[in-house]
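The structure presented is a predicted model; accordingly, all values stated were derived computationally and were not measured.
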Amino acid sequence: SRQKRKTQVVRQKSEPIFHADVSTQKEQVVISDPDPDKPKPEPKQSANDFVVMRIIAPDKESYAGYELLQTLLAHDFRFGEMDIFHRYDKESGTVLFSLASATLPGTFDINNMGTCNCHGLTLFMRLADHEEPMQIFDSLLDTAKVLADDLGGTIWNEDRRMLDQVVVDAWLTRVRNYENSLYSYDLFEN
């Protein structure tokens, strides 16, 4: 008699950790120890764990004060942890993606938004925070396009390349590769 072979999908997930400047991080390799009783080290993050896009204001202009605040609130961003804005999932309350100022220190002083003045916005998502990162990426990109249209400005990637199909394809490849890395297959399990 032949045994039926099953495919098992195992999903790996880690806790979110925020790094303000993900573009300078170097990819690191973590080698796991086969001893199951030994505590597991925190997984190392790389720039490939994030999708980062920037909206840059037109030359000699900036995004300022209450107009910026009203635009962000109109697009479902809420002020939150780390003194930046986040788009939350309406059902679970988890962060889908975040928005920081592209002007140092990257945070917003919500009590003094009238004096806020930044030359760009940084939108980012951490791929490991989502079970279906492609869906969240699509929402992030759509939101960046709408914000760039509403506020004026252009969208750039983390390597300072203006948005075009090559940039979008690179982001899509990164997200697909990440999704594929989440699964390991055991073709010989009974």
Engineer: When rounded to the nearest 0.5 angstrom, what is the spacing between CE in Met125 and CZ in Arg87?
Structural biologist: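 Those atoms lie 12.5 Å apart.
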Engineer: Going through the distances and angles, do Trp171 and Met53 end up as a side chain to side chain contact (heavy atoms under 4.5 Å, CB included)?
Structural biologist: CA-CA 10 Å; Trp171 280 329; Met53 41 189 86; 3.7 Å; yes
Engineer: Per the side chain to side chain contact (heavy atoms under 4.5 Å, CB included) rule, which among Ile56, Val52, Ile55, Val167 passes with Trp156?
Structural biologist: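 With Trp156 as partner, Ile56, Val52, Ile55, Val167 yield a single side chain to side chain contact (heavy atoms under 4.5 Å, CB included), made by Ile56.
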Engineer: Please report the closest heavy-atom contact between Arg176 and Met134, naming both atoms and the distance.
Structural biologist: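 Heavy atoms of Arg176 and Met134 come nearest at CG-CE, 3.5 Å.
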Engineer: Strictly distance-based, threshold 3.5 Å: is any side-chain N or O of Ser101 a donor or acceptor partner for the main-chain N or O of Phe108?
Structural biologist: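 No, because the side chain of Ser101 does not come within donor-acceptor range (under 3.5 Å) of the backbone of Phe108.
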Engineer: How long is the span from the CG atom in Asp76 to the CZ atom in Phe85, to the nearest 0.5 Å?
Structural biologist: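 That separation rounds to 13.0 Å.
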Engineer: Return the set of residues passing side chain to side chain donor-acceptor pair (under 3.5 Å) with Asp169 (not counting sequence neighbours), or none when no residue passes.
Structural biologist: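 For Asp169, the residues satisfying side chain to side chain donor-acceptor pair (under 3.5 Å) (neighbours in sequence not counted) are Gln165.
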Engineer: Phe137, Val95: one ILVMFWY side-chain cluster at the under-4.5 Å cut-off?
Structural biologist: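 No, it is not one cluster - the side chains of Phe137 and Val95 are not joined through contacts under 4.5 Å.
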Engineer: Excluding sequence neighbours, so at least two apart, what forms side-chain contact (heavy atoms from CB on, under 4.5 Å) with Asp83?
Structural biologist: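 Only Phe79, Thr107 meet the side-chain contact (heavy atoms from CB on, under 4.5 Å) criterion with Asp83.
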Engineer: Drop me the distance from Leu99's CG to Thr122's OG1, to the nearest 0.5 angstrom.
Structural biologist: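 Rounded to the nearest 0.5 Å, the CG-OG1 separation comes out at 7.5 Å.
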Engineer: Kindly say whether Arg161 contributes a backbone atom to a donor-acceptor pair with the side chain of Asp159 at under 3.5 angstrom?
Structural biologist: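 No, Asp159 side chain to Arg161 backbone: no donor-acceptor pair under 3.5 Å.
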Engineer: Do you reckon Leu69 sits in the same ILVMFWY cluster as Val146, going by side-chain contacts under 4.5 Å, direct or chained?
Structural biologist: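 They do not share one cluster, since no chain of ILVMFWY contacts under 4.5 Å joins Leu69 to Val146.
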Engineer: Of all heavy-atom pairs between Ala128 and Tyr178, which one has the smallest distance, and what is that distance?
Structural biologist: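 The pair with the smallest heavy-atom distance is CA-OH, 3.0 Å.
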Engineer: Should Leu121 and Phe77 be regarded as members of a common hydrophobic cluster, given that ILVMFWY residues are connected when their side-chain heavy atoms come within less than 4.5 Å of each other, either directly or indirectly?
Structural biologist: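 As far as the 4.5 Å side-chain criterion goes, Phe77 and Leu121 are connected within one cluster.
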Engineer: Spell out, yes or no, whether Leu73 and Leu147 are grouped together once hydrophobic residues are joined by side-chain heavy atoms under 4.5 Å, including indirect joins.
Structural biologist: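 Yes: a chain of side-chain contacts under 4.5 Å links Leu73 to Leu147.
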Engineer: Out of curiosity, Ser98 OG to Met82 CE, how far, rounded to the nearest 0.5 Å?
Structural biologist: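 One finds 5.5 Å between OG of Ser98 and CE of Met82.
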Engineer: Flag the pair Tyr88 / His86 as yes when their ring centroid distance falls below 6.0 Å, and as no otherwise.
Structural biologist: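 Yes.
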Engineer: Per the side chain to side chain contact (heavy atoms under 4.5 Å, CB included) rule, which among Leu127, Val51, Asp138 passes with Pro133?
Structural biologist: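 So the option named by the test is Leu127.
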Engineer: In terms of side-chain heavy atoms, does Asn112 have a donor or acceptor partner in Thr115 at a distance below 3.5 Å?
Structural biologist: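 Checked: Asn112/Thr115 side chains show no N/O donor-acceptor pair below 3.5 Å.
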Engineer: Using every non-hydrogen atom in the two residues, find where Cys116 and Leu68 come nearest and quote the distance to one decimal.
Structural biologist: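 Looking at all heavy atoms of both residues, the shortest contact is SG-CD2, 4.1 Å.
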Engineer: Side chains of Leu96 and Leu140, heavy atoms from C-beta outward: is any pair under 4.5 Å?
Structural biologist: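 The answer is no; the side chains never approach within 4.5 Å.
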Engineer: Any side-chain hydrogen bond (donor to acceptor under 3.5 Å, both in side chains) pairs touching residues 59-71, not counting sequence neighbours?
Structural biologist: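 Residue pairs passing side-chain hydrogen bond (donor to acceptor under 3.5 Å, both in side chains), neighbours aside: Ser62-Asn117.
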Engineer: How far apart are the closest heavy atoms of Ala100 and Gly106, and which atoms are they?
Structural biologist: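 Between these two residues, the closest heavy atoms are CB-O, 3.3 Å.
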Engineer: Let me confirm one number: the OG1-CG distance from Thr143 to Leu72, rounded to the nearest 0.5 Å.
Structural biologist: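 So the OG1 of Thr143 and the CG of Leu72 are separated by 11.0 Å.
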Engineer: Looking at CD1 of Ile155 and CG of Leu123, how far apart are the two atoms once the value is rounded to the nearest 0.5 Å?
Structural biologist: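 Ile155 CD1 to Leu123 CG: 8.5 Å, rounded to 0.5 Å.
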